[in-house]
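Since the structure comes first, as C-alpha cells, the remarks are kept for the end.
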Amino acid sequence: MKEIWKPVIGFEEAYAVSNQGRVKSLDRVVYSVLCGSFMKKGNLLSPFFRGKGYLAVNVFKNNKKYTKSVHTLVAEAFIENPNILPQINHIDGVKINNYVENLEWTTNSENQKHAYAMGLNVAISGSKSNLAKLNEQKVKQIKWLIKHGAKDLSLAYLYDVRNTNINQIRHEIWWKQVTISSEDFPFNEM
C-alpha cells in the first residue's frame, strides 16, 4: 500500500499523519532568540505507549505540548465521521495497528461490545471484583442464616453490605449459583 500523508487536524502547519499510522513534523521556519529565523527540517516522530496500550506522540503548537493518540490522528485525517461518533475502534483488536483500514468510528457501546467479542475485555463480577465484599463462603453463610430466620437488616449490618444486597440474595437474584443443603453449616470460615 502506498503511504499517503495528510495534515494533522489542528496542527496543519507543523505535522502530518500517514494512512500507515506514522506521524512526522514538517519542514518549517522557526524563530529562536539566539539564532533568529531558520528552516527546521521535519522528521518522523517516535511514538510511545500511552495508557491502555495505545500509541501516542507529542506535538507542539504555540510552545505548548499536546499528547495525541496516533489512531485518533489517523482517523481524524482519513476517515469521514458524518454521524459524529465519539470513539475509534481497532477492527483487528490490535491497539498498535494504526493503519487506516484497521480503524473505524464507533459508539462507546459498539466499541465495548467489540472488545468483549474479541476477548480484549473480560467482565469481572462477583467475588472476583476488587469491589466485592462477599465471596461464595459468606453467601453460603447468609443463605443458611436466611433459611434459619435471620432478617435482611441484621445480615446487612453483620456483613457490611446494603440491605438491598441481602434482599437480592434472599430472592435468588444475585448469587443464585451458590446453594446450600440442609446439612450445611457454613461457619467454618468467615
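Nothing fancy with the numbering, it's 1 onward along the sequence. Source: prediction; values computed, not measured.
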Counterpart residues, side chain to side chain donor-acceptor pair (under 3.5 Å), relative to Thr107 (two or more places apart): Glu110
Connected via hydrophobic side-chain network under 4.5 Å: Leu153 and Leu155: no
Taking atom CG of Asn167 and atom CD1 of Ile146, what is their separation to the nearest 0.5 Å? 8.5 Å
Just to verify, what does Arg50 make a salt bridge (charged side-chain N to carboxylate O under 4.0 Å, His left out) with, not counting sequence neighbours? none
What are the two closest heavy atoms between Pro7 and Ala77, and how far apart are they? O-CB, 4.0 Å
Any chance you could pull the hydrophobic cluster mates of Met1, using side-chain heavy atoms under 4.5 angstrom and chaining through other members? Tyr99
Are Leu44 and Val70 linked, directly or through other ILVMFWY residues, by side chains that come within less than 4.5 angstrom of each other? no
If two hydrophobic side chains count as joined below 4.5 Å and joins carry through other members, does Ile169 share a cluster with Leu145? yes
Main-chain N/O of Lys6 paired to Asn19 side chain as donor or acceptor, under 3.5 Å: no
Tyr66: ring pair (Phe, Tyr, Trp, His ring centres under 6.0 Å) partners, not counting sequence neighbours: Phe11
Using the rule that two of Ile, Leu, Val, Met, Phe, Trp, Tyr join whenever any of their side-chain heavy atoms come within less than 4.5 Å, decide whether Tyr54 and Ile79 are in one cluster. no
Any non-hydrogen side-chain atom of Lys61 less than 4.5 Å from a side-chain atom of Tyr15? no
CD1 on Ile166 to CD on Gln168, rounded to 0.5 Å: 10.5 Å
Would you compute the distance between atom CG of Leu120 and atom CD of Gln112 and round it to the nearest 0.5 angstrom? 10.0 Å
Heavy atoms of other groups near Gln177 CD, more than 12 under 6.0 Å: yes
Listed partners of Phe48 passing side-chain contact (heavy atoms from CB on, under 4.5 Å), at least two apart: Ala56, Asn58, Thr67
Distance-only donor-acceptor pairs under 3.5 Å for side chains of residues 82-96, two or more places apart:
unit_1, atom_1, unit_2, atom_2, d
Gln87, OE1, Asn111, ND2, 2.8
Gln87, NE2, Asn108, OD1, 3.0
Asn89, OD1, His114, ND1, 3.1
Asn89, ND2, Glu104, OE2, 2.8
Asn89, ND2, His114, ND1, 3.4
His90, NE2, Lys95, O, 3.2
His90, NE2, Asn98, OD1, 2.9
Asp92, OD1, Val94, N, 2.8
Asp92, OD1, Asn102, ND2, 3.0
Asp92, OD2, Asn97, ND2, 2.7
Lys95, NZ, Lys52, O, 2.7

Any side-chain heavy atom of Leu103 sitting closer than 4.5 Å to one from Phe78? no
Working to the nearest 0.5 Å, report the span between NZ of Lys151 and CG of Leu158. 15.5 Å
Just verifying a value: how many Å separate Asn81 CG and Trp105 CH2, rounded to the nearest 0.5 Å? 5.0 Å
Candidate pair Val57 and Leu73, rule side-chain contact (heavy atoms from CB on, under 4.5 Å), full reasoning: CA-CA 10 Å; Val57 292; Leu73 299 179; 3.9 Å; yes
Who pairs with Ser18 by side-chain contact (heavy atoms from CB on, under 4.5 Å), at least two apart in sequence or on another chain? Glu3, Trp5, Gln20, Arg22
Rounded to the nearest 0.5 Å, the CG atom of Leu134 sits from the CG atom of Asn165 at a distance of 7.0 Å
Do Phe60 and Leu55 land in one hydrophobic cluster if side-chain heavy atoms of ILVMFWY residues count as linked below 4.5 Å? yes
If a pair satisfies salt bridge (charged side-chain N to carboxylate O under 4.0 Å, His left out) and one of its residues is in residues 153-166, list it, with sequence neighbours excluded. Lys133-Asp160
Pairs of donor and acceptor atoms involving the side chains of residues 26-42, under 3.5 Å and at least two apart or interchain, shall be tabulated with distances.
unit_1, atom_1, unit_2, atom_2, d
Asp27, OD1, Gly42, N, 2.6
Arg28, NH1, Leu26, O, 2.7
Ser32, OG, Leu34, N, 3.3
Ser32, OG, Cys35, N, 3.4

For Asn43, side chain to side chain donor-acceptor pair (under 3.5 Å) partners two or more places apart: Ser25
Answer whether the closest heavy-atom distance between the side chains of Asn135 and Lys138 falls below 4.5 Å. yes
Under the salt bridge (charged side-chain N to carboxylate O under 4.0 Å, His left out) test, which residues partner Lys143, sequence neighbours left out? Glu172
